[in-house]
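Reviewing the structure listed below.
Here is how names work: the chains are called A, B, and so on, in the same order as the sequence lines, proteins then strands, and each is numbered from 1.
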2 protein chains.
Amino acid sequence: MTKSEKLKKGEATRLVVEDAALELYMDQGYHATSMRQIADKAGLALGGIYNHFKSKEEIFEAIIIDKHPYKKILPIVLAVETENLEGFLSNAMQVVIEELGSEPYYMKLMLIELIEFNGKHGSTLLKFIAPEILPVFERLVKSRKDLRVTNPAMLMRSFFGMILSYFLTGMLMSGSILEKLLPKNPADIYVDIMLHGILKSEA
Amino acid sequence: MTKSEKLKKGEATRLVVEDAALELYMDQGYHATSMRQIADKAGLALGGIYNHFKSKEEIFEAIIIDKHPYKKILPIVLAVETENLEGFLSNAMQVVIEELGSEPYYMKLMLIELIEFNGKHGSTLLKFIAPEILPVFERLVKSRKDLRVTNPAMLMRSFFGMILSYFLTGMLMSGSILEKLLPKNPADIYVDIMLHGILKSEA
DNA sequence: CCTACCGATCGGTAGG
DNA sequence: CCTACCGATCGGTAGG
């Protein structure tokens with residue numbers, strides 16, 4: 001009763017396999033990861049995996065759904081109390097960056113999907129998530145007059161694009177000479193750029 | 001004399017192999033692409049490849065250097081004539097987007113490096129390119145007072161981050177329901193956001 | 001859930 | 001530059 005909660009043995013093993021696979025996918029990619037590696041890391045025999053998943057690809061598909069962070073993040077974002085639009089956008093971005101954390105695992109999963117599956121899961125990610133999140137941006141656009149970007153889909157695209165950009169440039173520059181030249185608070189600056197742009201003056 | 005220019009037979013074959021590999025990497029990723037596929041596409045036998053490259057990985061390494069678009073793009077950007085800063089940044093971004101084209105192959109190569117090699121080529125890309133490009137941003141920061149971002153490395157990061165974001169969100173959304181909801185000129189809007197942000201008002 | 005196995009394919013090489 | 005081959009490893013399965 002201590003730790004088991006309600007999940008049956010079978011379901012627990014399934015999650016163990018998913019966790020093992022996720023970790024391996026994250027630092028090798030999908031095709032470079034073998035079923036034997038996953039089995040080893042999950043602590044069972046190769047054949048055992050096939051009691052829970054029909055194929056290697058099915059593990060990946062399960063992960064991109066089960067591990068999706070939006071269920072966790074969206075409520076937090078919506079719960080943030082702010083009086084004005086700037087405060088909301090700023091806090092929202094900061095919360096997302098914080099929650100995705102220093103190891104943006106889901107960002108990597110999305111890229112694996114894009115690179116190794118050529119986006120063939122139809123950006124499953126976006127397809128069943130957009131309907132949940134788009135309305136937030138629609139409300140934003142409707143209720144506020146001081147937005148430069150008035151198309152909800154475009155606003156959403158640029159919002160997530162900004163977060164994508166933040167993590168990706170961070171990953172690309174990590175360990176490079178450039179990293180030391182950066183200010184210590186790149187996330188804050190990113191938020192600032194999203195809100196006000198690179199320039200000080202108005203168009 | 002018509003088409004051969006100066007490159008010897010050996011060098012030409014090498015390039016044929018690189019082109020074949022590049023194409024395959026781009027829509028399958030690195031590990032999912034076999035040497036036999038590359039050989040077939042290049043029009044020679046498997047063993048023939050090893051006269052030009054020691055290993056599969058060496059082909060990848062050759063590509064990320066030989067196919068790097070910055071040699072082509074940088075001169076164009078610098079040649080753009082503009083009277084003010086806004087014009088320069090705006091044109092620069094537009095030129096880069098245009099040159100990278102609708103199939104941003106090099107963007108994909110960078111992601112493959114990040115995902116499948118875990119960035120182990122030390123972001124070769126950035127390491128020998130940053131010294132070429134960073135000075136451009138240094139000059140920009142020095143000569144202009146109307147920049148919100150005054151750290152050259154940060155300015156460079158956000159500039160390329162913006163381009164990264166543009167292409168990646170485009171790829172992620174392609175084919176999705178969201179795509180139809182977007183305005184027809186997303187690139188222009190992206191430029192506008194980079195320069196002035198999402199908000200109309202000043203901080 | 002494991003053992004033992006399958007055919008297929010992998011990267012790479014020898015030898016010409 | 002090709003043919004023919006190597007050992008290793010792959011995803012997956014049968015049978016218990």
Side-chain angles (χ1 to χ4, degrees), chain A residues 3-4 7-64 66 109 112-113 115-118 120-121, chain B residues 3-4 7-64 66 109 112-113 115-118 120-121:
Chain A
K3 257 197 150 189
S4 57
L7 29 96
K8 302 150 197 165
K9 262 170 291 177
E11 197 57 30
T13 314
R14 212 183 130 93
L15 289 178
V16 169
V17 172
E18 284 183 26
D19 286 340
L22 175 59
E23 206 168 315
L24 289 162
Y25 289 163
M26 273 190 22
D27 66 60
Q28 301 179 337
Y30 174 81
H31 284 99
T33 299
S34 73
M35 291 298 268
R36 280 154 183 89
Q37 287 178 317
I38 296 174
D40 285 352
K41 183 153 236 156
L44 40 72
L46 169 64
I49 293 185
Y50 292 90
N51 295 316
H52 302 277
F53 300 93
K54 279 189 303 189
S55 68
K56 184 181 171 186
E57 190 165 342
E58 206 185 80
I59 301 179
F60 184 80
E61 287 162 354
I63 288 178
I64 61 176
D66 293 351
L109 278 183
I112 291 174
E113 223 281 309
I115 294 301
E116 299 200 63
F117 291 99
N118 218 342
K120 91 172 207 192
H121 298 111
Chain B
K3 258 198 150 187
S4 56
L7 30 95
K8 302 151 196 165
K9 263 169 290 178
E11 197 57 29
T13 313
R14 211 183 131 93
L15 288 178
V16 170
V17 172
E18 284 183 25
D19 287 340
L22 174 59
E23 207 168 316
L24 289 162
Y25 290 161
M26 273 191 20
D27 66 60
Q28 301 179 337
Y30 174 81
H31 284 100
T33 298
S34 73
M35 291 297 268
R36 280 154 182 90
Q37 286 178 318
I38 296 174
D40 285 352
K41 184 153 235 156
L44 38 74
L46 170 63
I49 292 185
Y50 291 91
N51 296 316
H52 302 277
F53 300 93
K54 280 191 299 191
S55 69
K56 185 181 171 186
E57 190 165 340
E58 206 184 80
I59 301 179
F60 185 80
E61 286 162 355
I63 289 179
I64 60 176
D66 293 351
L109 278 184
I112 291 175
E113 222 281 310
I115 294 300
E116 300 200 63
F117 292 98
N118 218 343
K120 91 170 207 193
H121 298 109

**Any strand: nucleotide that pairs with C/dG15 via Watson-Crick or wobble, under 3.5 Å** = D/dC2
**Asked** Between B/Tyr30 and B/Phe60, how do the two ring planes meet: parallel, tilted or perpendicular, split at 30° and 60°?
**Response** perpendicular
**Message:** Please check this pair: side chain of A/Asn51 against backbone of A/Gly48, looking for a donor-acceptor N/O pair closer than 3.5 Å.
**Reply:** yes
**Asked** Tell me: CD1 of A/Ile59 to C1' of D/dG11, nearest whole Å?
**Response** 11 Å
**Item:** Spacing between A/Ile49 atom CD1 and D/dC10 atom P, to the nearest angstrom
**Value:** 12 Å
**Asked** Can you check the B/Arg14 CZ to D/dC1 P distance for me, whole Å?
**Response** 13 Å
**Message:** In whole Å, I'd like the distance from the CG atom of A/Asp40 to the P atom of C/dT3.
**Reply:** 12 Å
**Prompt:** In whole Å, what is the span from the CE atom of A/Met35 to the C1' atom of C/dT9?
**Reply:** 17 Å
**Message:** Please report the interatomic distance OG(B/Ser34) to CG(B/Leu46), rounded to the nearest 0.5 Å.
**Reply:** 8.5 Å
**Message:** Distance alone, cut at 3.5 Å: any donor-acceptor contact between the side chains of A/Glu57 and A/His121?
**Reply:** yes
**Asked** How many Å lie between CG on B/Asn51 and C1' on C/dG15, as a whole number?
**Response** 13 Å
**Item:** Whole-Å distance separating the CG atom of B/Leu44 from the C1' atom of D/dT3
**Value:** 14 Å
**Message:** What's B/His31 touching, base or sugar-phosphate or nothing? Going by heavy atoms closer than 4.0 Å.
**Reply:** nothing
**Asked** Is B/Glu116 reaching over with its side chain to a backbone N or O of B/His31, donor-acceptor style, under 3.5 angstrom?
**Response** yes
**5′-ward residue of the pair B/Tyr30/A/Leu46 relative to DNA chain C** = A/Leu46
**Fill in**
Here the distance between atom C1' of C/dA14 and atom NZ of B/Lys54, to the nearest Å, is 19 Å
**Item:** Nucleotide nearest B/Ser55 (side chain, heavy atoms from C-beta), chosen from C/dG12, D/dG11, C/dC2
**Value:** C/dG12
**Fill in**
Of D/dG12, C/dG11, C/dC2, the nucleotide closest to the side chain of A/Lys56 is D/dG12
**Prompt:** Which listed nucleotide (D/dG12, D/dC1, C/dC1) is nearest to the side chain of B/Thr13?
**Reply:** D/dC1
**Complete:** Considering only heavy side-chain atoms of B/Arg36, the closest of C/dC1, C/dC10, D/dG12 is C/dC10
**Message:** What's the closest nucleotide to the side chain of B/Ala45 if the choices are C/dC1, D/dC2, C/dG11?
**Reply:** D/dC2
**Message:** So, does B/Tyr50 get its side chain near the phosphate of C/dG12, meaning an N or O under 4.0 Å from OP1 or OP2?
**Reply:** yes
